[in-house]
**Student:** 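I am attaching a structure below and will ask some questions about it afterwards.
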Amino acid sequence: MTTAVDSTRSKRDAPYEGPLLDVRDLHVEFVTRDGVAKAVNGVDYSVRAGETLAVLGESGSGKSVTAQAIMGILDMPPARIPRGEIRFRGRDMLKMGKEERRKIRGQEIAMIFQDALSSLNPVLSVGFQLGEMFRAHQGASRKEARDKAVELMDRVRIPAAKQRVNDYPHQFSGGMRQRIMIAMALALEPDLIIADEPTTALDVTVQAQVMDLLAELQAEYNMGLILITHDLGVVADVADKIAVMYAGRIVETAPVHELYARPAHPYTRGLLDSIPRLDQKGQELYAIKGLPPNLLRIPKGCAFNPRCPRAQDRCRAEVPELYPVTEDDGAPLAGRGSACFFWKETLHDR
Amino acid sequence: MTANGSSALGATVPEEVAFAQEVPRGEPILEVRDLVKHFPLTKGILLKKQVGAVKAVDGVTFDLMQGETLGIVGESGCGKSTLAKVLMNLEPATAGSVRYKGQEISRLSGAALKAVRRNIQMVFQDPYTSLNPRMTVGDIIGEPYEIHPEVAPRGDRRKAVQDLLDVVGLNPEYINRYPHQFSGGQRQRIGIARGLALKPEVIICDEPVSALDVSVQAQVINLLEQLQSEFELSYMFIAHDLSIVRHISDRVGVMYLGKMVEIGTDAEIYDHATHPYTQALLSAVPVPDPTARESRDRIVLTGDVPSPANPPSGCRFRTRCWKAQDRCAAEVPLLAAPFWLGGAARHDSACHFAAEREVGQSAAEREVGQSAAEREVGQSAAEREAGKAGSGAD
Ligand SMILES: Nc1ncnc2c1ncn2[C@@H]1O[C@H](COP(=O)(O)OP(=O)(O)OP(=O)(O)O)[C@@H](O)[C@H]1O
Ligand SMILES: Nc1ncnc2c1ncn2[C@@H]1O[C@H](COP(=O)(O)OP(=O)(O)OP(=O)(O)O)[C@@H](O)[C@H]1O
Ligand code: SF4
Ligand SMILES: [Mg+2]
Ligand SMILES: [Mg+2]
């Protein structure tokens, strides 16, 4: 099948060795009436071409705000970025001009939002909205744009794409709309896709279709994918590596197999332990005690300390950095880090 | 108090006395038979003409046993919440019967309805919108006492509410706070406390933890289980998280497009499912274990759920089923234990070709059966093939 998006292929041939995206020590705050909400307090993560990074964390932990900072779509004010770097292909996007960033958005980094219905324009046909990408960015004619829209809809397996290209968003099912969002994100063949809870609003059977499609297209185009989710099942299914967020920080990073087998942070451990397991039927589930923190009053020291079964005095006084996690003999574990003073003990705690 | 509970059918249920008798554990407390709920589709503004109906619940039969938890699963729109609302008498049934402790309750009104409502309570999905923001927690939890003053006389109410707060693990001193001062998990506890206020025997939980964070879900599930053993409650537990449903349920019912397609013990459903829809649903659930990735044998359903206003003839699943034959379009499969199966596979399943899934059954084998369904939905084999390709993220 020929795709609608061959025209920009060449840019990917440029030799570039480093990570596609490299976020360093990112901080984002919101100035609110009640005070300064520190939504992101030092996020470090990176993604390479063809790689899937899952960002895991509970509601309010700063997953979406980080993504919005990367996309450059935060409203500033009330948001501000007091510190940090967001390097795309080695260049810090926070130092770029508006015009340059606008070009990167959509063409090189695209985003898929959780709620497809509210991110598609209800009064424009799906075909028009898809075609608009090619008219705006590539100067395609109306006819060309329409043809490309049909090809893209075909590509994300909307049945009878030709007949449906003039339909409006509400005429499609939830799963189809989410596939149209994927088509929209893919239109300009970006290097990196950020998918913010792309299947949370969908049923499991539809979720499976959409995730499979996304993973397949990602492999085909060798894109980097940042998948934001709170579903430990989806993560286990598709991620190469994981960054776990808590109260605006990355508290653990690890390749997928290692994170599930040997978590090195008590919060990750607690999340994994609270999954209902078959042999636990009839017993109490493990539950992390307490509640996620209020961002206006993040606990002193390690933000997780009030809920942590391991917490010591040190945890209430000092903020742990993201320590490299190693084997006992000091042998490094590639890609592993934990923001816990007791990562070693936690690692062995199985 | 006078027993004036005459219903539309003329049956008299003397309040207070009617539902006093105990149902032994394991005997049915609720018996649902051929329950139907249709929402009329009308046309015209002044002279409303009925042009059809959304068949939200369309002939559902099951029992809820005393002291058990019956899980109900199924995709969005299959009628789970509608079923709950009809059982709660929040919506009138179109047809069929619901018996509570042996007495018909689906057509009650007045005092008799009031008496039933006391015994069957509901916990709703959304802890953010199901509580009135302008009422204090004390007023919210104590509100049912306004309608049923006999449960807690006015003077005792504050104490009763504080006891309930304590039972659900909230500080009794919070009685004068407002809902916005609580987190989602705490608000769900308030909803549960309110559901317990009238000392009901049956609680219908409609997605009680779906809106909560993973780390808080386990707390609420534990609370529900603890309350069940303490107060000998029977639960109907609607949820879409199949692993939570398995954890909490004794039996599980699977719904598709207004019908119950399979029902059995948790092991019968999860380990010996015989209905193709149940098998597809179970196989689609992402397993939180990356080592299972390679061995996963997922059935990816294509096509969308048909409209409940115009369901397919015969078996409603046939338009998406890889096993469908001519018979499936002609004949409605009954929910019954298939005589041709034995052991754990022999439990109620509404499929003409009910059979356990052979582990490792190849995609090609399924493909053979799929061609029939394909002609119905009008999708190409290539599309299906592509839809089934593994996620291949590695
Ligand atoms: N415009 C804003 N003004 C003030 N606070 C904000 C704003 N946008 C986000 N926040 C706060 O930043 C924090 C992080 O929000 P974010 O949306 O990143 O969470 P999340 O991890 O994506 O959660 P979820 O899983 O619920 O989507 C939240 O506490 C949120 O209330
Ligand atoms: N008051 C109503 N009027 C008309 N149709 C309705 C009404 N309530 C529900 N329906 C329809 O009945 C069907 C079943 O809806 P219901 O809410 O019971 O589904 P559900 O299984 O609870 O779904 P979900 O998992 O999304 O909560 C849907 O097609 C819905 O649109
Ligand atoms: S640093 Fe301390 S409080 Fe934080 S997770 Fe580790 S042990 Fe727990
Ligand atoms: Mg978010
Ligand atoms: Mg519902």
Side-chain angles (χ1 to χ4, degrees), chain A residues 51-52 58-60 157 159-160 172-176 202-209 211-216 218-219 225 230-240 256-257 259-261 267 270-278 280-292 307, chain B residues 74-77 183-186 212-222 225-226 240-244 246-248 266 270 277 280-293 296 298-305 320 377-380 383 386-394:
Chain A
E51 193 174 55
T52 299
E58 51 203 326
S59 187
R157 294 190 211 102
F172 293 88
S173 72
M176 283 175 163
L202 304 176
D203 279 317
V204 276
T205 56
V206 183
Q207 172 180 312
Q209 291 174 13
M211 281 317 302
D212 282 1
L213 174 71
L214 194 57
E216 184 191 318
Q218 179 212 5
L225 174 64
H230 56 254
D231 187 326
L232 289 155
V234 170
V235 172
D237 242 13
V238 302
D240 297 312
V256 64
H257 287 279
L259 186 103
Y260 283 77
Y267 173 63
L271 281 184
L272 293 174
D273 284 350
S274 57
I275 300 171
R277 305 226 179 243
L278 253 184
Q280 284 183 329
K281 205 177 148 70
Q283 297 169 29
E284 247 190 33
L285 287 175
Y286 176 81
I288 300 177
K289 64 178 183 186
L291 301 165
R307 308 177 72 188
Chain B
E75 284 170 285
S76 185
S183 72
Q186 289 175 321
L212 304 177
D213 272 317
V214 185
S215 77
V216 181
Q217 282 184 4
Q219 296 174 358
V220 174
I221 294 288
N222 287 343
E225 292 209 293
Q226 176 205 324
H240 63 252
D241 184 324
L242 293 165
S243 59
I244 287 181
R246 175 157 205 183
H247 179 81
I248 198 170
D266 69 298
Y270 284 80
Y277 175 65
L281 191 67
L282 289 172
S283 83
V285 178
V287 190
D289 175 7
T291 59
R293 223 192 258 188
R296 178 187 60 197
R298 201 190 255 170
I299 304 168
V300 175
L301 290 178
T302 45
D304 292 304
V305 185
R320 299 170 81 197
V377 214
Q379 273 165 331
S380 74
E383 265 169 339
K388 250 198 306 288
S391 67
D394 23 51

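Each chain gets a letter, A, B and so on, in the order the sequences are listed, and its residues count up from 1.
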**Student:** Could you check whether any side-chain N or O of H247(B) sits under 3.5 Å from a backbone N or O of Q283(A), counting only pairs where one atom can act as donor and the other as acceptor?
**Tutor:** yes
**Student:** State the CG-CG distance between L232(A) and D289(B), to the nearest 0.5 angstrom.
**Tutor:** 11.5 Å
**Student:** Taking salt bridge (Lys or Arg N to Asp or Glu O under 4.0 Å) as the definition, give me every residue that meets it alongside D241(B), ordered by chain and number, with sequence neighbours left out.
**Tutor:**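 Partners of D241(B) by the salt bridge (Lys or Arg N to Asp or Glu O under 4.0 Å) criterion come out as none, since no residue qualifies.
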**Student:** Quick check on the interface: out of L259(A), L285(A), V235(A), who has the most heavy-atom pairs with chain B under 4.5 Å?
**Tutor:**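 Heavy-atom pairs under 4.5 Å are most numerous for L285(A).
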**Student:** Return the minimal non-hydrogen interatomic distance between A236(A) and V287(B), and the atom names on each side.
**Tutor:** CB-O, 3.4 Å
**Student:** Using non-hydrogen atoms only, which part of I221(B) is less than 4.5 Å away from chain A: side chain, backbone, both, or neither?
**Tutor:**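 Side chain only.
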**Student:** Measure across A284(B) and A208(A) and return the closest heavy-atom pair with its distance rounded to 0.1 Å.
**Tutor:**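 Reported closest heavy-atom pair: CB-CB, 4.1 Å.
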**Student:** Between Q217(B) and chain A, which part of the residue has a heavy atom less than 4.5 Å away: side chain, backbone, both or neither?
**Tutor:** neither
**Student:** Identify which one of P290(B), P288(B), P286(B) satisfies the side-chain contact (heavy atoms from CB on, under 4.5 Å) criterion when paired with D237(A).
**Tutor:** P286(B)
**Student:** Y286(A) and A218(B): which non-hydrogen atoms are nearest, and at how many Å?
**Tutor:** O-CB, 3.3 Å
**Student:** Using non-hydrogen atoms and a 4.5 Å limit, figure out which bit of E225(B) sits close to chain A: side chain, backbone, both or neither.
**Tutor:** side chain
